[in-house]
Amino acid sequence: MKIWAHRGCSYKYPENTLSSFREACRYEIMGIELDIQLSRDGEIVVIHDERVDRTTDGNGYVKDMTLRELKRLRILPNPQSSKIYETIPTMREVLAYLAPVCHRDGLLINIELKNSVVRYEGMEQKILDLVAEYELGNNIIYSSFNKDSVRLLKELDSGVKVCILSESVSDGLEFLRCVPVEGIHPFLKAKDIALLMKESTRDILGQGIRVRAWNIRSGEPFFPENRRYEIQDTERLEQAGITDLFTNIPETYVPLKRLSPKQIILEKGRNISDETGYIQSAEEIYLASGRFYHVYPGDRLRVNRGTEYRIYRYSTDIKGDLIHTYCYEPEQNWASYVREQEEWRTYDTTFDRECYIRIVAKQRFLPESVEGNDTAGWEPCVLLECVNEPDMEWPDYFQAETLLTVEKVWNCLLDEEDLAFAVITDTHYVNNGTWERSAYNLQQVVTRLPLNGIIHLGDLTDGILPIAQTKESVEYVMADMKRTGLPVYFCCGNHDSNYFYNNPEKMTEREMSVYYLRKERPWYYVDYPAQKLRILYLYSFDYREKIRYGFPIEELEWIKETLEDMEDEWAVLVCSHVPPLPEIHFWSDQIRNGEALLEILEKYHAEGKKVLAYVHGHNHGEQIYTRRPFPIVSLGCNKMEDFQDRKPRGSWTYTRRQGTVTEDLWDVMIVHADHSGIDFIRFGAGEDKHIVCG
């Protein structure tokens with residue numbers, strides 16, 4: 001019997017919410033069932049009822065509300081998972097979150113098209129297109145009570161799996177005779193059991209037709225109901241011919257998932273210093289893990305025969321000088337090395353506390369008298385078996401900041417056409433840093449707002465590791481941003497070229513373009529026709545140039561062409577990593593072609609193609625420079641550091657402290673549709689900014 005989470009874990013969590021789906025993914029389920037409808041402006045949203053009254057604090061039909069109006073509604077929270085409300089998720093948000101689980105674990109999603117009461121025109125093509133975008137065709141089953149919709153799905157794509165929802169087995173069988181569907185999804189009644197067991201019924205179902213039953217015998221309660229529920233006899237149901245069960249309480253039928261073991265990556269000819277905990281060169285007999293592995297109580301290391309190993313431990317403490325001084329830890333590690341002399345061991349190890357570890361391994365030479373001492377072709381294999389990674393703890397101060405940020409953004413959205421973006425810069429991802437909390441905060445904020453995208457202004461990592469490890473960190477950070485379902489726009493920063501500390505494994509301009517942007521060159525633009533706005537994303541660093549910080553001539557020519565092609569009454573917003581002027585840049589007394597860039601922007605600004613602002617990162621500080629015709633805005637770094645030196649005159653840096661809201665720092669940027677100004681609503685350390693666009 002295959003178990004499906006009906007609208008997620010909908011007894012423990014609010015139905016059809018990200019928290020109910022997140023909880024469901026922890027269990028050994030076959031899939032998740034959810035429901036979709038369309039907002040007035042054509043967005044696919046995940047909600048069961050045609051009206052919002054039962055599940056939110058609002059009232060009215062989904063079809064009559066825009067996404068912006070739906071996002072303002074609140075869903076009653078579950079205190080176990082969150083102390084603050086959730087909102088109606090978009091299908092894009094749900095797929096962005098579930099897609100990695102589908103690809104990794106084979107999770108299926110049953111998408112029910114709620115188009116029987118309201119016939120949403122174009123819904124079928126919209127959902128097919130969205131699923132194709134996430135490459136989830138093999139993981140999706142579509143269902144509906146609307147027979148015409150089921151037929152249309154098959155006409156649009158003959159390869160999709162479609163099922164008919166019905167009030168009884170007999171209704172489902174009748175439809176199956178007319179249209180070849182992958183399964184029937186009946187509301188099972190007592191009389192249906194006898195019908196399913198008939199030989200004639202079994203002949204109709206044939207091979208491979210699934211019978212997925214829902215609301216068996218009595219309706220199961222939904223959150224926040226507390227009434228008792230009945231556990232079904234799955235063996236009896238299976239004998240009757242039911243193959244799958246949709247249930248609000250999947251946690252009562254299946255166990256928690258077991259995490260797959262991670263293989264510790266070991267590099268030959270490497271060791272770890274007992275004194276510093278850093279990687280160092282060594283004899284060929286030694287192998288060491290350059291990566292850090294996070295372990296929790298109960299996790300276990302397993303080794304193959306013939307392997308000896310030592311464990312090096314690092315605590316979750318963060319040394320203050322990493323936060324409060326200009327300091328890049330040599331191995332991008334903010335975990336503190338624990339100088340405990342570890343023994344060489346050949347047996348498995350179970351951990352009793354949370355920490356980070358690295359491993360050094362070597363071949364164990366056995367006496368000739370020991371049976372099986374042939375070590376020819378020996379390869380070390382060290383596996384880390386994780387019991388279950390604990391849920392992210394979300395402190396009260398971040399929850400309060402989320403509520404405050406969301407309300408301030410709503411207050412600043414003065415026009416239906418205003419654009420809003422989450423803007424982050426200088427993440428500088430490190431082991432044991434605070435990015436995981438930033439990513440969680442980001443997810444919680446953006447799912448409560450109608451944002452248009454995420455803008456990252458560069459420096460995803462410190463750029464000091466071997467390229468393979470740098471890319472692992474980059475992909476981790478980028479995946480967290482993409483998991484919001486929003487488009488992510490990125491400016492390549494200086495550290496993103498992996499050049500720092502004379503790193504030999506650098507990336508060229510073209511390599512960066514292809515890797516980070518999937519483009520042929522690292523500058524591009526995005527248009528918003530309704531707002532008559534073009535956002536430029538610039539490239540501002542080349543380690544091969546004598547003056548490394550600056551802008552290539554080819555990029556300047558492109559900017560001229562791009563602004564020339566803009567229609568009248570359009571405006572432009574410029575995003576970059578590095579500022580255009582040396583007086584607002586501590587690290588060099590020249591910016592290559594910076595003045596030429598400003599002259600181009602100012603020319604078109606004077607001709608009516610308004611430059612709203614130039615927004616950048618890199619300085620790890622805040623500044624609003626107003627000595628040019630448009631403001632140049634510097635935003636503080638996401639990384640939890642607050643060194644006060646090495647800053648341009650006129651800038652400032654906010655104090656950062658562990659265990660407070662100041663651990664985090666990023667903005668929601670609101671670009672007003674009338675081109676009059678930009679608001680930056682700060683999450684974490686710092687204050688909001690209102691920029692008047694001249």
Side-chain angles (χ1 to χ4, degrees), residues 4-10 12-27 29-39 41-49 52 55-56 62 67 70-71 73-75 77-78 81-82 85-115 120 123-124 126-144 160 222-223 246 248 250 439-440 442-451 453-454 479-488:
W4 292 68
H6 184 238
R7 307 181 206 170
C9 283
S10 54
K12 292 170 63 177
Y13 295 84
E15 66 181 70
N16 278 329
T17 59
L18 289 174
S19 64
S20 71
F21 301 143
R22 185 182 300 116
E23 178 68 8
C25 289
R26 298 177 61 225
Y27 293 91
I29 56 173
M30 170 60 65
I32 290 173
E33 187 271 353
L34 52 82
D35 311 275
I36 62 170
Q37 303 196 51
L38 294 185
S39 66
D41 48 351
E43 290 289 337
I44 308 175
V45 291
V46 179
I47 183 172
H48 178 271
D49 299 359
V52 301
T55 55
T56 79
V62 174
L67 178 61
L70 290 169
K71 280 295 185 183
L73 305 180
R74 299 185 175 199
I75 295 172
N78 179 342
S81 65
S82 170
Y85 68 90
E86 289 190 79
T87 60
I88 298 169
T90 66
M91 191 62 201
R92 180 176 291 279
E93 289 169 349
V94 171
L95 288 186
Y97 184 82
L98 293 180
V101 185
C102 293
H103 292 309
R104 183 190 68 222
D105 299 340
L107 180 78
L108 301 181
I109 304 173
N110 178 193
I111 301 174
E112 180 183 344
L113 284 69
K114 299 293 293 185
N115 52 8
Y120 295 106
M123 172 185 268
E124 292 84 1
K126 278 178 177 284
I127 189 61
L128 289 172
D129 290 345
L130 185 59
V131 166
E133 184 180 330
Y134 282 91
E135 299 180 348
L136 287 173
N138 293 331
N139 298 82
I140 304 297
I141 296 165
Y142 301 94
S143 63
S144 177
V160 300
F222 288 96
F223 175 88
F246 291 119
N248 302 355
Y440 194 83
L442 184 69
Q443 176 89 22
Q444 297 301 320
V445 170
V446 303
T447 55
R448 290 168 170 83
L449 292 169
L451 299 191
I454 297 174
D480 280 337
M481 292 190 288
K482 291 177 179 176
R483 200 168 289 126
T484 64
L486 295 173
V488 178

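Values below: all heavy atoms of this structure, side chains included; hydrogens, waters and symmetry mates excluded.
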Enquirer: If you look only at pairs with a residue in residues 129-144, which of them pass as a salt bridge (Lys or Arg N to Asp or Glu O under 4.0 Å), with sequence neighbours excluded?
Expert: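 Pairs touching residues 129-144 that pass the test: Arg92-Glu133.
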Enquirer: Could you check Thr55 against His48 for side chain to side chain contact (heavy atoms under 4.5 Å, CB included), going step by step and ending with a plain yes or no?
Expert: CA-CA 9 Å; Thr55 55; His48 178 271; over 6 Å; no
Enquirer: What distance do Ser20 atom OG and Phe222 atom CZ have between them, rounded to the nearest 0.5 Å?
Expert: 10.5 Å
Enquirer: Pick one: which of Asn110, Asn248, Asn16 meets side chain to side chain donor-acceptor pair (under 3.5 Å) with His6?
Expert: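 Of Asn110, Asn248, Asn16, side chain to side chain donor-acceptor pair (under 3.5 Å) with His6 is met by Asn248 alone.
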Enquirer: In Å, rounded to the nearest 0.5 Å, how long is the span from CG of Asp105 to SG of Cys25?
Expert: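 Spacing of CG (Asp105) from SG (Cys25) equals 8.0 Å.
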Enquirer: Let's go through Val94 and Ile32 carefully: what are the C-alpha distance in whole Å and the side-chain angles of both, what is the deciding distance for side chain to side chain contact (heavy atoms under 4.5 Å, CB included) to 0.1 Å, and is it a yes or a no?
Expert: CA-CA 11 Å; Val94 171; Ile32 290 173; over 6 Å; no
Enquirer: Quick check: does any side chain N or O of Lys71 sit under 3.5 Å from a backbone N or O of Ile88, one acting as donor and the other as acceptor?
Expert: yes
Enquirer: Evaluate the side-chain proximity of Arg7 to Glu33: yes if any heavy-atom separation is below 4.5 Å, no if none is.
Expert: yes
Enquirer: Please round to the nearest 0.5 Å and tell me the distance separating atom OG of Ser10 and atom CG of Leu34.
Expert: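 Atom-to-atom, Ser10:OG and Leu34:CG are 11.5 Å apart.
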Enquirer: Could you state the interatomic distance from CD1 (Ile44) to CE (Met123), rounded to the nearest 0.5 Å?
Expert: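 One finds 7.0 Å between CD1 of Ile44 and CE of Met123.
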Enquirer: Check whether Glu15 reaches the backbone of Phe223 with its side chain - one donor and one acceptor, N or O, closer than 3.5 Å.
Expert: no
Enquirer: Looking only at non-hydrogen atoms, find the nearest pair between Cys9 and Pro250 and report the distance.
Expert: SG-CG, 3.7 Å
Enquirer: Heavy atoms only: give me the nearest Val45-Ser39 pair and the separation to one decimal.
Expert: CG2-N, 4.5 Å
Enquirer: Tell me the closest heavy-atom pair linking Glu93 and Leu18, and the distance in Å.
Expert: O-CD2, 4.2 Å
Enquirer: I'd like to check the side-chain hydrogen bond (donor to acceptor under 3.5 Å, both in side chains) partners of Asn138; sequence neighbours left out, ordered by chain and number.
Expert: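 Once residues adjacent in sequence are excluded, Asn138 has no partner under the side-chain hydrogen bond (donor to acceptor under 3.5 Å, both in side chains) criterion.
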Enquirer: Taking the side chain as every heavy atom from C-beta outward, state whether Leu113 and Ile36 have any pair of such atoms under 4.5 Å apart.
Expert: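 Yes, their side chains come closer than 4.5 Å.
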Enquirer: State, to 0.1 Å, how close Ala99 and Tyr134 come at their nearest heavy-atom pair, and which atoms those are.
Expert: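 Heavy atoms of Ala99 and Tyr134 come nearest at CB-CD2, 4.2 Å.
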Enquirer: Do the side chain of Arg483 and the main chain of Pro100 share a donor and acceptor less than 3.5 angstrom apart?
Expert: no
Enquirer: So that I can tick it off, tell me whether Glu86 and Arg22 are bridged by a salt bridge, with the cut-off set at under 4.0 angstrom between side-chain N and carboxylate O.
Expert: no
Enquirer: Which pair of non-hydrogen atoms, one from Ile111 and one from Met91, has the smallest distance, and what is that distance?
Expert: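 Taking every non-hydrogen atom into account, CD1-CE, 3.7 Å.
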Enquirer: Please tell me if the side chains of Ile127 and Ile140 come closer than 4.5 Å, counting only heavy atoms from C-beta onward.
Expert: no
Enquirer: For Leu107 and Asn139, which heavy atoms make the closest approach, and how far apart are they?
Expert: O-ND2, 3.0 Å
Enquirer: Do Leu95 and Ile109 have side chains that get closer than 4.5 Å, going by heavy atoms?
Expert: yes
Enquirer: Answer with yes or no whether the side chains of Asn115 and Ser144 bring together a donor and an acceptor at under 3.5 Å.
Expert: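 Yes, Asn115 and Ser144 have a side-chain donor paired with an acceptor closer than 3.5 Å.
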Enquirer: Is there a donor-acceptor pair closer than 3.5 Å between any side-chain N or O of Gln37 and the backbone N or O of Asp49?
Expert: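 Yes, Gln37 side chain to Asp49 backbone: donor-acceptor pair under 3.5 Å.
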Enquirer: Any side-chain heavy atom of Tyr85 sitting closer than 4.5 Å to one from Arg448?
Expert: yes
Enquirer: Decide yes or no for Val62 and Tyr120: does some side-chain heavy atom of the first lie under 4.5 Å from some side-chain heavy atom of the second?
Expert: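 With C-beta onward as the side chain, the pair touches.
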Enquirer: Do Thr447 and Thr484 touch side chain to side chain, with heavy atoms closer than 4.5 Å?
Expert: no
